[in-house]
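Numbering of ligands and ligand atoms starts at 1, following listing order. Every value quoted in this text rests on a predicted model; they were computed, and no experiment measured them.
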Amino acid sequence: MTQILLQAVRLLDPFNGVDLEGCDLLLEDGVLQEVGAELKLPPSATLLRREGSVVAPSFVDIHCHLREPGQPWKERIARATAAAAAGGFGAVCGMANLTPPVDSLEQFRRSQRDNQSWGRVRVLQFAACTKGLAGEELTNLEALARAGAVGFSDDGRHGMNQERLMEVLGRAGALGRVVAIHPEDEALLVLANRGMRDPGQWHLRPPDAEISAIEKAISALRGTPGSRLHLQHVSTAGGVDLVRRAKAEGLAITAEVTPHHLMLTGAGGDAGPADPGRCNPPLRTESDRMALWEALLEGTIDAIASDHAPHEAAPPSERSPGFSGIQLVLSAVLGQGGALSHLGRVVETLTAGPRRVLGEAGASAPGDGIRAEEPASLTWFDPNQSWTPSPQSWLSLGTNTPFWGEPLKGTVLATFAGGRMVHLNRELVPELAGD
Ligand SMILES: [Zn+2]
């Protein structure tokens, strides 16, 4: 029997509205036995104590690209989910834009098998809204939901016209599933890129493309009562404003933001392929970035999502858009001035927020609150400890991150998911490293 006493931590549990200093947690073979103040140390238990450390429910990432099957040179499920565990995540949502895409029952089952075989943490699989993500023919949403799809998304593309988007929203809504969209109006992207129709050639991605897509999606949502819409990686002040108004109107809309859009600014979509900070949607201006923070803190934005997008190393002009970053989500956010004073809200957007986006379909993700006598699903982290993404510490196969070699604040010490310790920082927790 292995017993661990986590002593004098700050317990942050947004599911139960708990924010308490000086909590002890006793774990026995992965089960959380007791939570309280000044618990007695059992004779055979390992004592873990670290000033200023925090325990929260294990995080859920609602937007992750695992690249397998199809592009194993970019990322492996095993590597991405190990990086996720090291980032404090107990579950991740895999997007459908694999090669081939998850647009049939056959592909869905294959992904489920692969996720189960290789995932270090639970992978909740999304299915595509349309065949080949082309925006034309809808997938068999009903069969995919029955097989376990937690939601539907054509992420990477947004090719559906209004009529199809409404049909997907209606059918997914009837199944209790959320529809997550990559809000960039493709007609406007074609225009901005001098009429080029091939998405691979779109380098210019103006803010208007996002704002237009969000406007249209909100109108589609309004026309399909009972459905739920989720906006992925909102990046503009204008986009955030539309979400705020839609929520005030009572629409079932949720939104996410990525750590890179919260932390970095860029050319705002006006730079070409050589932009070293290139991602879709692009990094925007300082006033957009500030608007995202404000929206996150006030609750207009529900979740922080990694949009983990690992790629192989390449010269700047040939680099594919996106960042590999699931391991540093917490640190990227905590590195922001003032984020620590909103730690409760930050943790909420990594736990209860993403769970709310998934609705009842997220019930199979571990970590819906800290409760005694249940298998532990929790993240233990030190918000003040720094670490540096480097070949020694980095677990994803993709090293395409603007934070490479940069010291970051906020280190995950251990992650438990469903009663299993899925990550341990051996250097900082030598007491358990020998186990
Ligand atoms: Zn996307």
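In summary, of the residues considered (H182, E210, H261, E256), a side chain to side chain donor-acceptor pair (under 3.5 Å) with H233 occurs for H182 alone.
Taking the six-membered ring where tryptophan is involved, the planes of F323 and H260 are perpendicular, since the angle between them exceeds 60° and thus also 30°.
Looking only at side-chain heavy atoms (C-beta outward), V178 and L229 stay at 4.5 Å or farther from each other. You'll find the side chain of L408 reaches within 4.5 Å of the side chain of F403, heavy atoms only.
Within the protein, the N, O or S atoms lying under 2.8 Å from the Zn ion (ligand 1) are D155 OD1, H182 ND1, H233 NE2.
Residue pairs meeting the ring pair (Phe, Tyr, Trp, His ring centres under 6.0 Å) criterion with at least one member in residues 75-108, sequence neighbours excluded, are F59-F89.
Looking at E184 and R157, no side-chain N of the basic residue comes within less than 4.0 Å of a carboxylate O on the acidic one, giving no salt bridge.
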